[in-house]
Every structure is written in C-alpha cells, then in structure tokens.
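Input: a single structure, listed below in structure tokens.
Here is the naming used below: chain letters follow the sequence lines, and residue numbers restart at 1 for every chain. Treat the numbers as computed from the prediction; the structure is a model and nothing was measured.
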Amino acid sequence: MALSEANFERSMQEIPPYLDKLNEPQRAAVMQTEGPVMIVAGAGSGKTRVLTFRIAHLLKQGVDPFSILALTFTNKAAREMRERIEKLVGGEARNLWMGTFHSVFARILRMEAEKIAYPRDFTIYDSDDSKSLIKTILKEWNLDDKTYKPGHVLSRISMAKNNLISSAEYISADELTGEDRKSGRARFGELFAEYEARCKRAGAMDFDDILLNTEKLLRLHPDVCHKWQHKFKFVMLDEYQDTNRVQYMITKRLAAVHQNICVVGDDAQSIYSFRGANIQNILSFERDYPDARVFKLEQNYRSTGTIVQAAGSIIKNNKNQLKKNVWTSNEQGEKIRVVRNISDNEEGRWVAQSIFEEKMRHRLPNKAFAILYRTNAQSRSFEEGLRKLNLDYKVYGGLSFYQRKEIKDVLSYLRLVVNPTDEEALKRIINYPARKIGSTTIDRIILLASEHACSLWDIVNSARKHPLLGSSTLALENFAIMMRSFQAMLTTHNAYNLALHLAKQTGLLKTLAEDKTVEGISRYENVVELLSGIQEFVEDDTSESEKGLAEFLQEVALFTDERKDDDPNRDTVTLMTIHASKGLEFPHVYVVGMEENLFPSQMALNDRQDLEEERRLFYVAVTRAEQKLTLSFATTRLRFGQILPCEPSRFIDEIDASFLDMDKSGFKKPSPAPRAETAYSPFQIKRNTGAGPQGNTPPPPDPDFKEGDISGLAEGMRVQHQRFGYGEVQRVEGDEDQRKATILFDQFGEKTLMMKFAKMRIVES
DNA sequence: TACTAAGCTCTTTTT
DNA sequence: GAGCTTAGTA
C-alpha cells in the first residue's frame with residue numbers, strides 16, 4: 001500500500017507521539033519520507049536512531065513492509081536495527097527487506113538465478129575458497145606464486161569487479177594490462193578470466209560476484225529490473241560513505257522509479273576504501289539527485305565535550321571532507337589519558353589493571369569497557385592481562401565460528417551435496433577423513449576436468465572411464481557412491497537429519513571424537529554445535545522463507561559475524577579492531593598500540609589518501625568513547641617474531657594538547673618542534689623519576705641516531721642503540737630488507753632487531 | 001600415501 | 001609468532 005496523499009499531508013503537519021524523543025533535525029529527517037534524502041550524520045548524533053524511526057514511521061503510515069528495502073554493512077547492524085524497529089512497531093518488522101547488501105542481493109539472485117545462467121542453489125565462495133582457487137590455477141599454469149601472490153591477485157580482481165570491470169574489459173584496457181606488464185605480471189588478465197570461468201563452472205559466486213551479478217541482472221533484464229524497481233518503494237542505505245561503485249549502481253537503479261532513496265552516512269567515518277568503498281558516492285549525492293533534501297545531524301549525544309572536541313581537532317587535519325560542525329551540550333568530562341608502556345606485554349598488563357581499578361572505583365560492569373586496536377593480532381597481550389585479573393572478556397573478529405577448519409569441513413560436505421560442481425568444497429573433503437585419495441590423484445582429476453571442460457565431480461563420478469586415475473579408481477567410486485546417497489536424501493530428509501547422517505556416515509564425527517586433546521575435544525563440540533545450529537534453523541518458524549540446506553548454507557556463507565552468542569548476558573570487556581567497532585559505543589575506551597607504523601599502518605605512510613583514511617579510523621576509535629578515553633602505546637613490540645623499538649603515533653601529537661592529560665603517565669608532551677613534512681619527530685620521553693624499580697626503563701632516544709644506518713655492522717662490534725643502550729653484536733644474518741642483528745645488550749640482555757628499523761650506531765669496530 | 005620436522009613468509013582492516 | 005609449504009622418512 002502506498003503512502004496516501006492524505007497521510008502524507010498529515011505527516012507534514014502533526015508530530016506523531018512516537019517521534020517525541022527525537023530532536024528537531026532528527027525528526028525532520030525522519031518525516032521527509034518522499035524523494036531523495038541524504039542524512040549527513042556526525043559520530044554519536046543518532047544516525048541509527050533516525051534510520052530506525054524513519055522505517056518505523058513508514059510502517060505506522062501503513063506502508064507495506066515488503067516494499068521497504070534497508071541495506072546495512074554488517075549483519076550485526078541489520079539485526080540491531082530490526083530489533084529496534086520491532087520494539088517500535090511489532091512483528092511487522094520481520095517482513096522488511098533488510099540485511100547486508102550481500103545477503104539481500106544473494107536472496108534476489110537465488111530467485112532469479114536462471115536469468116543469469118546460475119544454478120538456483122549456487123555456492124558462495126568465501127575468501128579462503130577464492131584464494132585456494134587462485135592457487136590451483138597458478139599451479140596448473142606453472143606460474144610463480146611469488147610474482148603472482150594469491151592475496152594480491154585476489155584483491156586486484158576484487159578491485160576490478162567492484163568497479164564493474166569484467167575480465168574481458170580488463171584485458172582490453174591498455175592502462176591496466178600495461179601496469180601488469182610493468183610489474184611482471186603480464187598474465188594477470190588471463191588469470192582473471194580463468195578465475196571467472198572456474199567460478200562459473202563450479203556454480204559458485206564470490207563475495208564480489210554477488211554484487212556484480214545483481215548489477216548485471218538488473219541491467220540486462222529490463223523485466224526483472226522493472227519488477228524489483230516497482231517492488232521497492234522505499235530504499236534506505238546505511239553507512240553510505242562505505243558503498244562502492246557496484247553497490248551504488250545497483251541502488252541507484254532500484255530507486256530509479258520511485259526516487260525514494262535515503263542515504264545515511266558520515267564521510268569522516270569512511271574506512272573501507274580497501275574494499276572498494278568510494279567516498280565520492282557520498283560527496284556527490286547532491287549532484288546525482290539535484291532535488292535531494294540534505295539533513296545534517298551535528299549534535300553529539302554520546303561523548304563528553306573533551307572527546308567530541310578532541311575528535312574534531314583530529315579530523316580537521318584531513319583535506320578531503322564535507323563541512324560539518326559536530327558539537328555537544330554534554331559536560332566537558334575528563335581529559336584524555338595517554339600512557340606509555342615499555343612493551344606490548346606491559347601494555348596488556350597495564351590496561352587490564354587500569355580497567356580493574358576503574359571498575360572498582362566507579363562500580364562499573366565489565367561491559368562498560370572496550371579495548372580497540374588496529375590489527376586482530378594485537379589482542380593477545382590484553383587477553384593475558386585480563387585473564388590474570390579474572391576479568392571476563394570477549395574477543396570479536398579474528399577467526400569466526402564458521403571459519404574454523406572442522407566447521408568448514410562439514411560445510412564443504414553439505415555444499416557438495418547441494419551443488420556437486422562446487423570445486424573448492426570437493427577438493428577440501430575428498431580425502432578427509434583420509435580415504436587414500438592423495439594429492440597426485442587430485443591433481444589428475446583437476447587435469448582431466450580441464451581437458452574435458454567439466455567439473456571435478458563429473459570426473460570423480462565417472463572415475464572408471466579415466467584410465468589415468470589408475471589404482472585410485474575404487475576409492476573414488478566409493479566416494480562418489482557415498483555422495484550420491486547423500487544427494488538422494490535431499491528430497492527425503494530435512495537439512496538437520498541429512499547433516500547428522502552425513503557427519504556419522506563420512507566418519508567425520510568419529511575422527512574428531514578420537515582426538516582427546518583439548519583442541520580435539522573443542523573441535524568435536526564445535527561440530528555438534530553446528531549440527532544443533534542446523535536443527536535450530538530448520539525448526540525456526542518465525543519466518544516464512546524456506547528452510548532447506550541450500551538456504552542454511554547461504555545464510556552461513558554470508559554470516560561471518562560471531563555466531564549467536566553462547567550467552568548474550570555475559571558481562572565482558574570488549575576486545576575488537578577499530579573497524580569492527582564502528583557503530584558501537586562504550587563508557588570507557590582504550591585505544592591501544594598507538595604507534596607509528598602500526599597505527600597509522602606502515603602501508604599508509606606513503607600516500608596522503610591512505611593516511612587520511614587512517615586518520616578517519618582514529619576518529620572512529622576516539623568517538624566510540626562516551627566518558628573516558630585512554631590512548632596507550634608501547635616503546636617496544638614483538639613483531640615478525642622479534643622485538644622492535646616503537647615510536648608514539650603522530651595521531652597523539654595531532655590532538656589539541658589542551659585535551660590531553662599526560663602528566664599522570666610519567667611523561668609530557670614536547671613543545672611542538674618544527675619538523676619536516678616527511679620526518680616525524682617522536683615525543684621526548686621524560687624519564688620516570690617516581691619510586692619503584694628503575695632497572696628496565698630504556699634511556700631517552702637520541703635524535704642523532706639514524707634509522708638503518710649500520711651497513712658495516714659485524715660480529716664482535718660494540719654498538720649503542722637508541723633505546724637499549726650499549727651492547728655487543730653476536731650475529732648478523734639475512735639480506736637486504738630482512739637483515740637482522742642479534743645483540744647482547746649490557747642492560748637488557750640479548751635481543752634480535754630488524755636492522756631496517758633499528759636506530760643505533762657503531763661505537764667500536 | 002601419510003606423517004613429522006624444519007623452513008619460509010607474512011604480517012591491515014571485512015562482506 | 002603463527003600458519004603454511006616443503007623435504008624427508010616410514
């Protein structure tokens with residue numbers, strides 16, 4: 001049912017009571033339901049609130065939930081929004097078309113699969129599958145995987161796809177192929193084409209294909225396009241600053257008929273350009289839709305004055321941005337604490353201790369605290385620290401449940417049952433549990449499949465016809481018979497019974513049960529949990545959609561989030577990357593690892609654009625905090641298996657000094673010394689003169705030391721290191737970039753240092 | 001073919 | 001340090 005004229009008129013005049021809680025600009029944005037709308041929302045300004053109320057408002061006006069499309073970036077955001085809307089309007093919210101770009105479009109693609117010549121039950125390759133496929137092709141073609149690093153190849157393919165460049169277009173684009181030739185990867189284009197063909201042959205789509213094929217579907221099939229365009233009367237996009245070109249094209253097309261498109265975003269929080277996000281989308285919305293209404297939400301309700309203003313002082317260093325003036329009427333609050341620790345382990349201990357103290361002093365639950373870091377690998381020292389103090393914590397991200405080996409094994413079997421042409425699934429489990437089908441045989445199968453231009457399964461399924469397979473024929477036949485028996489069950493059994501039978505029949509459960517190590521037991525338990533997850537999925541009757549194995553697999557493939565938490569009421573400290581923290585807020589936030597080369601990441605240092613993105617990331621981190629913010633860094637850190645000296649991040653320096661509280665932490669901010677554009681001068685660390693053991697405090701850095709200027713270093717020499725002082729060289733090994741020196745320091749004992757980063761000089765040859 | 005030990009590489013962020 | 005690949009052995 002469309003919004004009637006009368007309803008619309010009324011909505012413009014009266015303020016419905018359920019919108020009482022919104023402030024003026026928020027309410028205006030909510031009530032402007034017709035036409036293109038852009039909501040530019042600063043951090044903590046109630047962006048999600050506006051979006052949820054807007055959808056609730058539409059529903060209250062009698063708009064059919066099936067005609068509202070709301071797209072988010074993460075499953076978590078979608079789930080949260082659905083729950084909030086449900087609270088406002090009730091069960092109707094279930095029928096909204098709401099989810100991540102990938103999950104919604106995968107659903108559409110499944111319905112329209114035959115139009116783009118894919119099986120209805122196509123497989124979704126995750127990045128591991130994609131990478132493994134690339135590796136397989138490289139091996140077949142005898143290409144060196146050092147020149148063609150699978151990760152790089154994949155990200156370049158992804159970049160092309162996100163910009164709507166097909167392999168054919170890629171190959172005919174001289175600029176792109178020129179780049180490849182220059183870098184010695186002349187066959188990249190062919191590789192791209194082969195990768196595409198192999199995915200197609202396997203009836204599989206990778207993450208990017210889901211978007212790409214949706215775009216293709218709508219562009220090449222006007223009837224289909226017409227249908228969906230008319231279906232979705234209202235289109236809403238969250239985190240618009242992070243959309244890429246394909247997503248932009250799709251949503252633009254979908255909204256073309258009704259023109260009721262509403263985008264919400266904050267250019268200052270655009271942190272996904274590595275995934276193809278195009279900040280231009282938000283910067284040029286008004287050009288695309290000249291009659292667009294723009295609403296700015298600039299009042300921050302989340303954080304203290306200090307945090308809001310400090311965040312402003314950070315982001316003003318970026319050139320590329322929309323003008324905004326984020327402010328708050330909240331109290332000024334505490335200053336930002338900056339802490340130096342002598343090592344990453346010490347940092348973990350200190351942060352845990354600090355959380356413990358704050359918790360006691362202010363009687364706070366664990367969940368009031370979050371530790372945010374740049375990379376997942378940093379979580380370790382904090383986990384240790386928290387464990388020692390018995391503080392319950394939860395690490396988000398990293399390896400999710402569905403990425404575990406044992407889970408992927410079971411899923412691969414199930415994938416193969418649903419879609420026998422799925423090559424990655426087949427390769428994964430054809431010899432697991434071991435059934436005498438070794439790598440030689442697998443290579444031969446791949447070879448035969450290429451020769452016959454058919455799938456691996458076709459070869460396995462007709463093993464007898466291929467003399468090349470020789471002695472493995474029987475093992476292969478048995479495998480094929482078993483798989484066929486599972487496939488036959490698809491029509492007779494539900495997904496849970498099939499999966500349970502399969503897990504027993506293949507010997508998977510037995511193999512896992514035999515392993516009595518701690519990890520082995522947990523693997524077994526995980527598989528059991530997966531099975532009960534399938535059961536839950538099958539028996540869930542809150543939604544109308546089909547509950548088959550294929551549907552389960554699709555949901556799982558796109559659900560890289562945490563699994564449904566074991567106990568959502570557990571009171572835990574949150575540990576996550578800054579990327580994962582977007583959209584969340586915590587009373588106390590610790591942003592840790594604030595070191596040059598780590599945050600900002602080393603890779604971002606050469607390029608202004610990249611550095612600006614890192615800065616936006618820092619902005620995101622800072623604005624997660626409601627009450628108190630702590631920035632911490634270490635002066636040495638274990639990286640690449642060795643201890644490296646670290647300098648404080650330039651970002652600390654960029655915060656207006658008046659917001660920082662440095663004295664308590666034992667050092668003060670230096671006077672802003674003039675410095676060159678490129679070189680970054682670190683803080684002068686004031687020596688801790690307080691009580692307590694002093695033994696291991698490194699001496700202050702000497703600005704005369706030059707990085708990596710130790711070409712003549714050899715065994716037996718005496719050196720002076722910027723931080724560790726005097727020592728004797730024990731060994732020098734490795735070459736060029738990898739050159740390391742093991743030095744026995746007088747005060748600190750033996751350390752191995754990367755010479756590229758080491759700041760030291762030779763005192764005595 | 002299967003298993004173990006040693007060696008090598010990669011260190012960003014996620015659907 | 002971790003994860004993966006390779007080489008070597010049963």
**Study point:** Donor-acceptor side-chain pairing of Tyr393(A) and Glu383(A) below 3.5 angstrom
**Key:** yes
Practice item. Could you check which of dT1(B), dT15(B), dT14(B) has an atom nearest any side-chain atom of Ser472(A)? Key: dT1(B)
Review point. Base, sugar-phosphate, or nothing: which does Asp208(A) touch, judged by heavy atoms less than 4.0 Å apart?
Key: nothing
**Study point:** Upstream residue (5' side of DNA chain B) when Phe274(A) and Gly438(A) are each assigned their closest nucleotide
**Key:** Gly438(A)
Review point. Tell me: CD of Gln642(A) to P of dA2(C), nearest whole Å?
Key: 15 Å
Point to revise | Length of the line joining Arg444(A):CZ and dT1(B):P, which is rounded to integer Å | key: 8 Å
Check your understanding: Is a salt bridge present between Glu384(A) and Lys388(A), judged by a nitrogen-to-oxygen distance below 4.0 Å?
Key -> no
Study note, to complete from the structure: Of the listed dA2(B), dT15(B), dT13(B), the closest approach to the Thr100(A) side chain comes from dT15(B)
Review point. How close or far is atom C1' of dT14(B) from atom CD1 of Ile578(A), stated in whole angstroms?
Key: 15 Å
Exercise for review: Among the candidates dT5(C), dT14(B), dT13(B), find the nucleotide nearest to the side-chain atoms of Lys135(A).
Suggested key: dT5(C)
Check your understanding: NA contact type, Ser273(A), heavy-atom cut-off 4.0 Å: base, sugar-phosphate, or nothing?
Key -> nothing
Review point. Side chains of Gln378(A) and Thr375(A): donor-acceptor distance under 3.5 Å anywhere?
Key: yes
Exercise for review: Establish, with yes or no, whether the OP1 or OP2 oxygen of dT15(B) is under 4.0 angstrom from a side-chain nitrogen or oxygen of Thr74(A).
Suggested key: no
**Study point:** Length of the line joining Gln269(A):CD and dT14(B):C1', which is rounded to integer Å
**Key:** 17 Å
Review point. Heavy atoms under 4.0 Å, any strand shown: does Asn162(A) hit a base, just sugar-phosphate, or nothing?
Key: nothing
Review point. Of all the choices, dT14(B), dG1(C), dT15(B), which nucleotide is nearest to the side chain of Phe207(A) once you look at every atom?
Key: dT15(B)
Check your understanding: Roughly, in whole Å, what's the span from CG in Asp238(A) to P in dT15(B)?
Key -> 14 Å
Practice item. Measure from CG on Asp242(A) to C1' on dT14(B) and round the result to the nearest Å. Key: 11 Å
Revision key, fill the gap. Per nearest nucleotide of DNA chain B, the residue lying toward the 5' end, Ile271(A) or Thr440(A), is Thr440(A)
**Study point:** Whole angstrom value for the distance that separates P of dT11(B) from CD1 of Ile643(A)
**Key:** 22 Å
Exercise for review: Report which part of the nucleic acid Lys149(A) touches: base, sugar-phosphate, or nothing (heavy-atom distance under 4.0 Å, all strands).
Suggested key: sugar-phosphate
Check your understanding: Which atom pair, heavy atoms only, marks the closest approach of Arg380(A) to Asn345(A)?
Key -> NH2-OD1, 2.8 Å
Review point. Rounded to the Å, how far apart are Lys131(A) NZ and dT5(C) C1'?
Key: 14 Å
Review point. Do Tyr195(A) and Ser130(A) have side-chain atoms, one donor and one acceptor, less than 3.5 Å apart?
Key: yes
Practice item. Flag as yes if Phe73(A) stacks onto the base of dT15(B) (centroids under 5.5 Å, planes under 30°), otherwise no. Key: no
